[in-house]
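Worksheet for the structure shown next.
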Amino acid sequence: MALQLTGIHHLTAITANAPGNVRFYTRTLGMRLVKKTVNQDDTSAYHLFYADGKASPGSDLTFFDWPVGRERRGTHSISRTGLRVADEAALSWWREHLKAEGVDTSEISDVSGHSAIDFEDPEGQRFRLIDDGGRGGFNPWMGSVIPVEHQIRGLGPITISVPDIASTETVLTKVMNTHKVRDYASPDGVGQVHVFAMGEGGPTAELHVAVQPKLEAATQGAGGVHHVAFRTPDVEQIHEWAARLQEFRLPSSGEVERYYFRSLYFREPNGILFEIATDGPGFTVDEPLESLGERLSLPPFLEGKRAAIEAKLKPLT
C-alpha cells in the first residue's frame, strides 16, 4: 500500500500580540491553550498551541509570537484556515456570538459542498468556519466558554494560494500521494480552487489550492500563516517520508525532534512551507492532561536554560 498522509496535523501562524492572541483564542473562540512553550529555534518567542479538550492531532492551531508588521496578502501563501463545527445551527450561533464580540462575519454560504462563514481574527488572519457534517473526531473542552454543541471541532480544510498549479499538483499527487477530488470557483471571486484529499478525505484531510496568478506574492507577517503540517502515524513513517522526499530530490530539513512530535519540513514548488508530523507522543509527554498549558513547558534540551528563557518572555496576562 502506498505511503499515505492521514489529514491535517496542525497549522502555525504568526502573532505580534501574544496576550491579545491568548484572549481571542481562549475567550472568543473558546479553544484550549494546551501548550505554552517557546519557538525551539528562537527561544525569545512564545510558541502557543490551542486545540480541543484532549489536544488531539488535527485540532492544533499554533502561533509564533514575533514582533513583526502585518502580513501583506497575496499568492505563494497559506491564505485561509478552516475550522470545523458540527452543523449549520452551530454556524448561526457563531455568527451571533462573533457579532457580539465585535467580529464581522460573512453570511452563511455554500463553499464546495459545505455551509460556511468567513471571519478574521484581530490581526487579520483569515478563517472559515465550516459545517463538517459530523465527519472527523471531536473531544470537547469542558472548560470552554463555548457550549459543547457549538465548539470548534478541529482544523480543515486549509486553503493555499499559488500562481500556477502544475508543479504544486505534481508534488501533491506524485510525492505526497494525495488525490484530486473536485474543484470550485473561489468564493472571493479570484481564480479556481482545486481540492486534494489525503487518506479517506473529508474536511479533516483536504488541502484546497486556489490558482491566483494575478495576485502579487504575499509577505509573511502578523495575521499570516507560517506553515501547515500533515499527519503521519509514527516515527517509522517519518523515516519513510524522509526517504521519499530524497528519492524525488525534494530538499527537506531532514527529521527534526520537536519533543511532542517528530517533524520533517520542505517547501512545495511555489515556496509554501509544508511539514509532516507524527501523531505522538503528544502534549501529555511532559504535563498531565488536566493541567495542559498552565505553565511554561520546555523540552529537555532547553530545561537547563529555563531561568534565562523566562526572563526574556513578556507576561501573557
Side-chain angles (χ1 to χ4, degrees), residues 4-13 25 29-32 34 49-62 78 80-94 108-119 126-142 144 146-160 172 176-182 184 193 195-209 225 227-234 237 260-261 274-280 282-284 289 292:
Q4 289 287 319
L5 300 166
T6 56
I8 306 298
H9 185 283
H10 69 267
L11 179 133
T12 296
Y25 287 91
L29 296 192
M31 299 180 77
R32 185 181 186 188
V34 297
F49 292 75
Y50 307 95
D52 66 12
K54 292 187 177 179
S56 312
S59 70
D60 300 328
L61 181 60
T62 95
I78 298 167
R80 193 170 293 275
T81 303
L83 300 173
R84 299 179 292 107
V85 296
D87 50 34
E88 194 162 328
L91 292 176
S92 297
W93 185 92
W94 274 100
I108 297 174
S109 62
D110 180 90
V111 179
S112 188
H114 294 276
S115 296
I117 60 172
D118 291 349
F119 71 97
R126 290 168 284 178
F127 287 95
R128 176 166 291 142
L129 283 171
I130 78 152
D131 169 4
D132 73 359
R135 296 186 66 179
F138 171 51
N139 295 293
W141 168 224
M142 304 315 293
S144 177
I146 306 299
V148 167
E149 65 271 23
H150 299 321
Q151 285 181 22
I152 291 168
R153 295 160 54 83
L155 293 172
I158 305 300
T159 303
I160 68 174
L172 290 173
M176 298 171 65
N177 289 330
T178 72
H179 53 285
K180 187 175 177 181
V181 291
R182 63 187 182 279
Y184 62 96
V193 183
V195 179
F196 296 84
M198 294 159 269
E200 297 179 359
T204 65
E206 288 181 355
L207 184 70
H208 292 206
V209 183
V225 177
H227 66 269
V228 61
F230 306 102
R231 295 176 64 178
T232 197
D234 50 43
Q237 291 213 7
Y260 307 113
F261 39 82
F274 285 174
E275 175 184 354
I276 298 173
T278 59
D279 281 352
F283 294 120
T284 57
L289 179 64
L292 287 178

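Numbering of residues begins at 1 and proceeds along the displayed sequence.
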(request) Give the intermediate values and the outcome of side-chain contact (heavy atoms from CB on, under 4.5 Å) for residues Leu83 and Trp94. (result) CA-CA 12 Å; Leu83 300 173; Trp94 274 100; over 6 Å; no
(request) Give the intermediate values and the outcome of side-chain contact (heavy atoms from CB on, under 4.5 Å) for residues Tyr260 and Val34. (result) CA-CA 12 Å; Tyr260 307 113; Val34 297; over 6 Å; no
(message) I'd like to know whether Leu29 forms a side-chain contact (heavy atoms from CB on, under 4.5 Å) with Phe119, so could you lay out the CA-CA distance, the side-chain angles of the two residues, the decisive distance to 0.1 Å, and finally the verdict.
(response) CA-CA 12 Å; Leu29 296 192; Phe119 71 97; 4.1 Å; yes
(message) Could you walk me through whether Glu275 and Val228 satisfy the side-chain contact (heavy atoms from CB on, under 4.5 Å) test, starting with their C-alpha distance in whole Å, then the side-chain angles of each, then the deciding distance to 0.1 Å, before giving a yes or no?
(response) CA-CA 6 Å; Glu275 175 184 354; Val228 61; over 6 Å; no
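Among residues two or more places apart in sequence or in another chain, the side-chain contact (heavy atoms from CB on, under 4.5 Å) test is passed with Thr232 by Gln237, Ile238, Trp241, Ile276, Thr278.
Looking at every heavy atom in both residues, Arg32 comes nearest to Gly53 through NH1-O, 2.7 Å. Among all heavy-atom pairs drawn from Ile8 and Met198, the shortest one is CD1-CE, 3.9 Å. Across Leu129 and Leu91, no two heavy atoms sit closer than the pair O-CD2, 3.5 Å. Scanning all heavy atoms of the two residues, the minimum distance from Ala86 to Glu149 falls at CB-O, 4.0 Å. Heavy-atom minimum distance, Pro140 versus Val148: CB-CG1, 3.9 Å. Residues Ile146 and Gly30 approach most closely at CG1-CA, 3.7 Å, considering heavy atoms.
The structure places CZ of Phe127 at 5.0 Å from OG1 of Thr81, a figure rounded to the nearest 0.5 Å. Residue Asp110 holds its CG atom at 9.5 Å from CD of Glu88, rounded to the nearest 0.5 Å. Annotation: the span from Ile130 atom CD1 to Leu155 atom CG amounts to 11.0 Å, rounded to 0.5 Å. Interatomic distance, Thr178 OG1 to Leu207 CG, rounded to the nearest 0.5 Å: 7.5 Å. Once rounded to the nearest 0.5 Å, the distance linking CH2 of Trp93 with NE2 of His150 reads 6.5 Å. Between the CH2 atom of Trp141 and the OG atom of Ser59 there is a distance of 12.5 Å, given to the nearest 0.5 Å.
Contact check for Ile158 versus Ile78: side-chain heavy atoms found under the 4.5 Å cut-off. Taking 4.5 Å as the limit, some side-chain heavy atom of Asp52 sits within range of a side-chain heavy atom of Lys54. The closest side-chain heavy-atom distance from Tyr184 to His208 is below 4.5 Å. Between Met176 and Leu5 the shortest side-chain heavy-atom distance falls below 4.5 Å. At a threshold of 4.5 Å between non-hydrogen side-chain atoms, the residues Ile108 and Ser92 count as touching. Residues His114 and Pro203 have side chains in contact (heavy-atom distance under 4.5 Å, counting atoms from C-beta outward). Counting heavy atoms from C-beta on, the side chains of Val181 and Phe196 never come closer than 4.5 Å. With contacts defined as side-chain heavy-atom distances shorter than 4.5 Å, the pair Asp60/Tyr50 does not qualify.
Crowding of Glu200 atom CD: a count of heavy atoms from other residues, nucleotides or ligands under 6.0 Å not exceeding 12.
Ring-plane geometry between Phe261 and His9 is classed as perpendicular, the angle between the planes exceeding 60 degrees on a 0 to 90 degree scale with a lower cut at 30.
The pair Arg182-Glu206 meets the salt-bridge criterion, since a charged nitrogen lies less than 4.0 angstrom from a carboxylate oxygen. Taking 4.0 Å as the cut-off between side-chain N and carboxylate O, Asp279 and Arg231 count as a salt-bridged pair. Between Arg153 and Asp132 there is a salt bridge, with a side-chain nitrogen of the basic residue lying less than 4.0 Å from a carboxylate oxygen of the acidic one.
Panel note: side chain His179, backbone Ala197; a donor-acceptor pair is recorded below 3.5 Å.
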